[in-house]
Participant: 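Below is a structure I'd like to ask you about.
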Protein chains: 2
Amino acid sequence: MSPARTTAGAPISSIGRAIAVLGCFNERRRALTLSEISKKSLLPMSSTHRVVAELVTGGFLVRGSDRKYRIGTRMWSIGQLAPVSDQLRHRALPTLARLYEETGENITLAVLDRGQALYVDRLGGERSVHTGARAGGHLPLHTTGVGKVLLAWQTPAAIEKYLERPLERTTPYSIVDPVKLKKELDETRERGYALTRQESTAGNGSVAVPILRGGRAVAALGVVAHLTHLDIPRLVEVLQAASESIRHELENEH
Amino acid sequence: MSPARTTAGAPISSIGRAIAVLGCFNERRRALTLSEISKKSLLPMSSTHRVVAELVTGGFLVRGSDRKYRIGTRMWSIGQLAPVSDQLRHRALPTLARLYEETGENITLAVLDRGQALYVDRLGGERSVHTGARAGGHLPLHTTGVGKVLLAWQTPAAIEKYLERPLERTTPYSIVDPVKLKKELDETRERGYALTRQESTAGNGSVAVPILRGGRAVAALGVVAHLTHLDIPRLVEVLQAASESIRHELENEH
DNA sequence: AACGGATGTTCCAATGAGCGGAACACTACT
DNA sequence: AGTAGTGTTCCGCTCATTGGAACATCCGTT
């Protein structure tokens, strides 16, 4: 009896367990009870209880009056030091703000992270359409404007590698045929911007441009709007100006 | 010899050690070598090496080509789920953007966190003055506009408690006399907004207003500008409209 | 108010994850 | 090439950690 770590699937190391517990939280489950964390992390209740208690002490988790645990402020605060926030988001934010004011639509900034589009920030009010994107969240490359940009400016080998895996069909309009997608990426590169039409969320389309440094797309900047508002020529124009502005901010670092 | 945990000051538990390692990173030291982490966390080199390796595996730290460690994207990403970001920042952001466009000055949004002002976001371009504030960072309550607001709308007991401790003099103009500060807070409440004049950074002043819910200041919203640009009546007007807008967004949650 | 199911907390003998000093390896500078 | 600084690996030993079980609390229903 004890203390062999016998629970199948759960990490063995203490730090690995803490990371697994923190990984239980996501966009759809922001608040979790102890039992829920135990189930998701595959840790026994008492082990979960102990790990969670330490994370609460350290400020990485917080427990509300509803007895549910949420990500704590300290974790957010330290997380702000990550280069994706500290270097990119912070410098891009004034430009994102301007772009939001100019268009009144959803503004998204994303980077490539483990083969997906990681949203660095998203600016939109209640009037703006729902895009499925949130700061810190991931979406597939092939169904989103920013994702297509990030993919198009990859090396041919990286693109081939992405196309090898089955492409998720997010909506009936998602491009999941590798041949069609490859053609789409070629066109994206040729045009200098990406387009989507209901490929990620129904009714919506997007325009996105790369933020280029040294020939690479270090990030992608996009506008998501309902198709009825998608003024492509105008959005391309303002996006490219904004992209240039952000690139300039990023280069003035040293 | 080994493995007694003999290092004075270092946590004993593994998770506590991981948290201590992550706590070594701050605004002034965003990138650290292994040796630096070891020194700051008071952990022996080999222990540090092991903890850091696990955090890198879990995506909480990343190591660059300069051999230095930085906070990893995954930590940022999970951190975005914290209510301070997910509930407050995200909803306030469009209004912050508008305010930034209207004023062209530094916009700050802060909450009370462990007796300090925690900056939830900050919007400013290169033209804007340097304020010492960054998203995720803390500044004293008594020297900042948002901090004074957060303090003024505390209970009298909480205010008294804050005044008991020696008040840090950030600049020669900082108010560090408890009697003067108390008077300042009374006036702040009476006026409905806070002012600073070079109390936090030289040359700059600020105007800040509370975001009230149920009679409490759940956050504070401020503009920081050089004193020559500090148009108080106009800033108060736009800040109070923005504060109302954010409050409205927060109440439309349920 | 009572009850029961769900959720959460505490305990403890046993054990293996983790310990840190030491040896070794790598890097950068002179 | 030498040296100092930084980083990595190893290993016998120990204590932080284990999870099942007992116990406690909470909450919804009757």
Side-chain angles (χ1 to χ4, degrees), chain A residues 1-25 28-72, chain B residues 1-25 28-58 60-72 254:
Chain A
M1 88 146 77
S2 311
R5 307 180 183 209
T6 57
T7 318
I12 290 183
S13 75
S14 298
I15 294 172
R17 289 179 163 201
I19 289 169
V21 163
L22 293 168
C24 291
F25 295 84
R28 279 174 300 279
R29 302 305 324 272
R30 293 169 158 94
L32 296 166
T33 64
L34 190 63
S35 304
E36 287 168 329
I37 298 171
S38 171
K39 286 200 198 76
K40 290 192 74 167
S41 62
L42 305 178
L43 293 171
M45 271 296 289
S46 50
S47 298
T48 306
H49 190 261
R50 212 171 10 238
V51 171
V52 163
E54 278 223 65
L55 291 170
V56 167
T57 299
F60 280 37
L61 287 181
V62 68
R63 197 175 197 201
S65 51
D66 60 355
R67 297 159 69 196
K68 292 194 176 189
Y69 293 95
R70 292 169 175 85
I71 298 294
Chain B
M1 86 140 75
S2 309
R5 306 180 182 210
T6 56
T7 317
I12 290 181
S13 76
S14 297
I15 294 173
R17 290 182 164 200
I19 289 170
V21 163
L22 292 169
C24 291
F25 295 85
R28 277 174 301 279
R29 300 306 322 274
R30 292 167 158 94
L32 297 166
T33 62
L34 190 64
S35 305
E36 287 168 329
I37 297 171
S38 172
K39 286 202 198 75
K40 291 192 78 170
S41 61
L42 307 176
L43 292 172
M45 270 298 288
S46 51
S47 297
T48 307
H49 190 262
R50 212 171 9 240
V51 172
V52 162
E54 279 224 63
L55 291 170
V56 167
T57 299
F60 279 37
L61 287 182
V62 67
R63 197 176 199 198
S65 50
D66 60 355
R67 296 159 68 193
K68 293 195 176 191
Y69 293 95
R70 294 170 174 84
I71 296 297
H254 307 298

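Numbers restart at 1 for each chain; the letters A, B, ... are given by sequence-line order, proteins then strands.
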Participant: With Tyr69(A) as reference, evaluate Thr33(A), Leu55(A), Val56(A), Val21(A) under the side chain to side chain contact (heavy atoms under 4.5 Å, CB included) test and give the passing residue.
Facilitator: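 Running side chain to side chain contact (heavy atoms under 4.5 Å, CB included) over Thr33(A), Leu55(A), Val56(A), Val21(A) with Tyr69(A) returns exactly one hit, Val56(A).
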Participant: Which of these nucleotides, dT6(D), dC19(C), dG8(C), is closest to any side-chain atom of Thr33(B)?
Facilitator: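 So the nucleotide nearest the side chain must be dT6(D).
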Participant: Rounded to whole angstroms, how far apart are CD on Glu36(A) and C1' on dT7(C)?
Facilitator: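 Value for this atom pair: 10 Å.
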Participant: Using the closest heavy atom to pick a nucleotide of DNA chain D for each, name whichever of Ser65(A) or Ser46(A) lands nearer the 5' end.
Facilitator: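 With Ser65(A) and Ser46(A) compared, the 5'-side residue is Ser46(A).
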Participant: For dT8(D), does either OP1 or OP2 sit under 4.0 Å from a side-chain N or O belonging to Arg63(B)?
Facilitator: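 For dT8(D), OP1 or OP2 has a side-chain N or O of Arg63(B) closer than 4.0 Å.
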Participant: Check every atom of dT9(C), dG20(D), dT17(D) against the side chain of Tyr69(A) and return the nucleotide holding the closest atom.
Facilitator: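 In terms of side-chain proximity for Tyr69(A), the closest of dT9(C), dG20(D), dT17(D) is dT9(C).
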Participant: For Ser13(B), answer base if it contacts any base atom (sugar-phosphate contacts may also be present), sugar-phosphate if it contacts only those atoms, and nothing otherwise; contact means non-hydrogen atoms under 4.0 Å.
Facilitator: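 Sugar-phosphate, backbone atoms only, no base.
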Participant: Once you round it to whole Å, what is the distance between P of dG8(C) and CZ of Arg50(A)?
Facilitator: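 Value for this atom pair: 16 Å.
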Participant: Expressed in angstrom and rounded to an integer, what is the separation of Arg67(A) atom CZ from dT9(C) atom C1'?
Facilitator: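 One finds 11 Å between C1' of dT9(C) and CZ of Arg67(A), rounded.
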Participant: If you check every side-chain atom of Pro44(B), which of dG21(C), dT18(D), dT9(C) has the closest atom?
Facilitator: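 Per side-chain heavy atoms of Pro44(B), the pick is dG21(C).
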Participant: Grab the CD1-C1' distance between Ile15(B) and dT18(D) for me, whole Å please.
Facilitator: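 Value for this atom pair: 13 Å.
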Participant: Of the options Lys68(B), Arg63(B), Arg70(B), which is the one that meets Asp66(B) in a side chain to side chain donor-acceptor pair (under 3.5 Å)?
Facilitator: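 Result: among Lys68(B), Arg63(B), Arg70(B), Arg70(B) is the only option passing the side chain to side chain donor-acceptor pair (under 3.5 Å) with Asp66(B).
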Participant: Considering only side-chain heavy atoms of Ser35(A), which listed nucleotide, dT10(C), dT7(C), dG18(C), is closest?
Facilitator: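 For the Ser35(A) side chain, the nearest candidate turns out to be dT7(C).
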Participant: Ignoring hydrogens, what is the shortest heavy-atom contact between Ser38(B) and Leu43(B)? Give both atom names and the distance.
Facilitator: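 Residues Ser38(B) and Leu43(B), closest heavy atoms: OG-O, 2.7 Å.
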Participant: I'd like to know whether Thr57(A) forms a side-chain hydrogen bond (donor to acceptor under 3.5 Å, both in side chains) with Glu54(A), so could you lay out the CA-CA distance, the side-chain angles of the two residues, the decisive distance to 0.1 Å, and finally the verdict.
Facilitator: CA-CA 5 Å; Thr57(A) 299; Glu54(A) 278 223 65; over 6 Å; no
Participant: May I have the distance from Leu32(A) (atom CG) to dG8(C) (atom P), rounded to whole angstrom?
Facilitator: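 The distance from CG of Leu32(A) to P of dG8(C) comes to 10 Å, rounded to the nearest Å.
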Participant: Could you state the atom-to-atom distance from NE2 of His49(B) to P of dG18(C) in whole Å?
Facilitator: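 Taking atom P of dG18(C) as the reference, NE2 of His49(B) is at 16 Å.
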Participant: Rounded to the Å, how far apart are Leu43(B) CG and dG7(D) C1'?
Facilitator: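 Rounded to whole Å, this separation is 16 Å.
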Participant: Quick one: closest heavy-atom pair of Thr48(B) and Ser41(B), and the distance?
Facilitator: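 The answer is OG1-OG, 4.3 Å.
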Participant: Hey, is the side chain of Ser14(A) poking within less than 4.0 Å of OP1 or OP2 on dG18(C), counting only N and O atoms?
Facilitator: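 For dG18(C), OP1 or OP2 has a side-chain N or O of Ser14(A) closer than 4.0 Å.
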Participant: Take the protein atom NZ of Lys68(A) and the nucleotide atom P of dG8(C), then report the distance between them rounded to whole Å.
Facilitator: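 Nearest whole value for this atom pair: 10 Å.
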